[in-house]
Amino acid sequence: MCAIAVVLTAVSADCLAQEAKPIRLFILAGQSNMARIDPAEAFTPAVTAAFPNDEVIVVKHAKSGQLVRMWWKDWQAPEGQEPKGQGKNGRHYDALMALVAEALQDKPAPASVTFVWMQGEADGNHPGYGEIYPDALSGLLAQLSQDLQRDDLHFVLGRISDFGNDKPDQRPSWMQVREAQVAFAEAQPNRRAWIDTDDLNGDHNGLHLTKEGYELLAKRFADAAIKLLQDTRV
């Protein structure tokens, strides 16, 4: 009987160890330059290798050509302007969070949550939208923190590329969006990071990245996320 008891105790301990495995949740969102990333190629392998004893969950939901208001529900158009089309605020955010809820169903709370964001090109095309983009980033982070019920979110974002730098008439808010993204990340460097994409869109500075560019972007996102988690020892 004692031998049996010892075996049962060992099995139970193994089961408890499996149940207690920490979860690392990574949420990927944004517009076309995020939509074209395949996490399985570079992002997921990198974060999985960095946390071999943890359960890594990667959730991605991205839509091309979408304004930040499709994620931040309290977005308001610049004074004197009507909101551009695309539907109600937060439409894509709701879809994203539904996927997150599905991925976490019947699982314990994650040990860490990292939000990875590649968006802003659409907002860069509209006058006045760059001025309110800082509020959108802060508002989106607050919205995520509230809905996920945690104040320790990590936020990694890709600064939109140099595609619109020399086209101020066509893309009047482009530089403001870029500057807002950097300022947002650098305001809290222990929780946030930004990624440079200027070298990933080819010799002609295209709106979209090259095939190799997407693989490098995914790897850069992973490296930045890993560094934030390791630096904060989460």
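Residues satisfying the salt bridge (charged side-chain N to carboxylate O under 4.0 Å, His left out) criterion with R159, sequence neighbours excluded, are D196, D198. Remark: N89 pairs with R69 by the side chain to side chain donor-acceptor pair (under 3.5 Å) rule, at least two apart or across chains. Applying the side chain to side chain donor-acceptor pair (under 3.5 Å) criterion to Q188, with sequence neighbours excluded, gives R192. Every residue two or more places apart in sequence or in another chain was checked for a side chain to side chain donor-acceptor pair (under 3.5 Å) with Q143, and none qualifies. A50 is linked by a side-chain contact (heavy atoms from CB on, under 4.5 Å) to I226, counting only residues two or more places apart in sequence or in another chain. Not counting sequence neighbours, K167 has no partner by the salt bridge (charged side-chain N to carboxylate O under 4.0 Å, His left out) test. P172 meets the side-chain contact (heavy atoms from CB on, under 4.5 Å) test with P127; sequence neighbours excluded. By the side chain to side chain donor-acceptor pair (under 3.5 Å) test, Q176 is found to be paired with no residue, residues two or more places apart in sequence or in another chain being considered.
Between the side chain of R178 and the main chain of N165, no donor-acceptor pair closer than 3.5 Å is present.
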**OP:** Go through H208 and S32 one step at a time and tell me if the side chain to side chain donor-acceptor pair (under 3.5 Å) criterion holds.
**Re:** CA-CA 8 Å; H208 296 118; S32 59; 2.9 Å; yes
Subject >> CA sep, side-chain torsions, deciding dist, call: N201, S161, side chain to side chain donor-acceptor pair (under 3.5 Å) >> reply: CA-CA 7 Å; N201 58 352; S161 74; 3.2 Å; yes
**OP:** May I have the step-by-step check of side chain to side chain contact (heavy atoms under 4.5 Å, CB included) for T48 and V58, ending in yes or no?
**Re:** CA-CA 10 Å; T48 300; V58 178; over 6 Å; no
Original post:
side chain to side chain contact (heavy atoms under 4.5 Å, CB included) between Q119 and V68: does it pass, once the steps are laid out?
Top reply: CA-CA 7 Å; Q119 192 278 338; V68 69; 3.6 Å; yes
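Residue pairs satisfying the ring pair (Phe, Tyr, Trp, His ring centres under 6.0 Å) criterion with at least one member in residues 25-45, sequence neighbours excluded, are listed as follows: F26-F43. Pairs engaging residues 85-112 under the salt bridge (charged side-chain N to carboxylate O under 4.0 Å, His left out) rule: E55-K107, K73-D94 [sequence neighbours left out]. The list of salt bridge (charged side-chain N to carboxylate O under 4.0 Å, His left out) pairs with a residue in residues 216-229, not counting sequence neighbours, reads D199-R220, K219-D223, K227-D231. Residue pairs meeting the ring pair (Phe, Tyr, Trp, His ring centres under 6.0 Å) criterion with at least one partner in residues 162-181, sequence neighbours excluded, are F163-W174.
Inter-residue side-chain proximity for F184 and P134 is flagged as unmet; no heavy-atom pair is nearer than 4.5 Å.
Side-chain polar atoms of N33 and E121 form a donor-acceptor pair below 3.5 angstrom.
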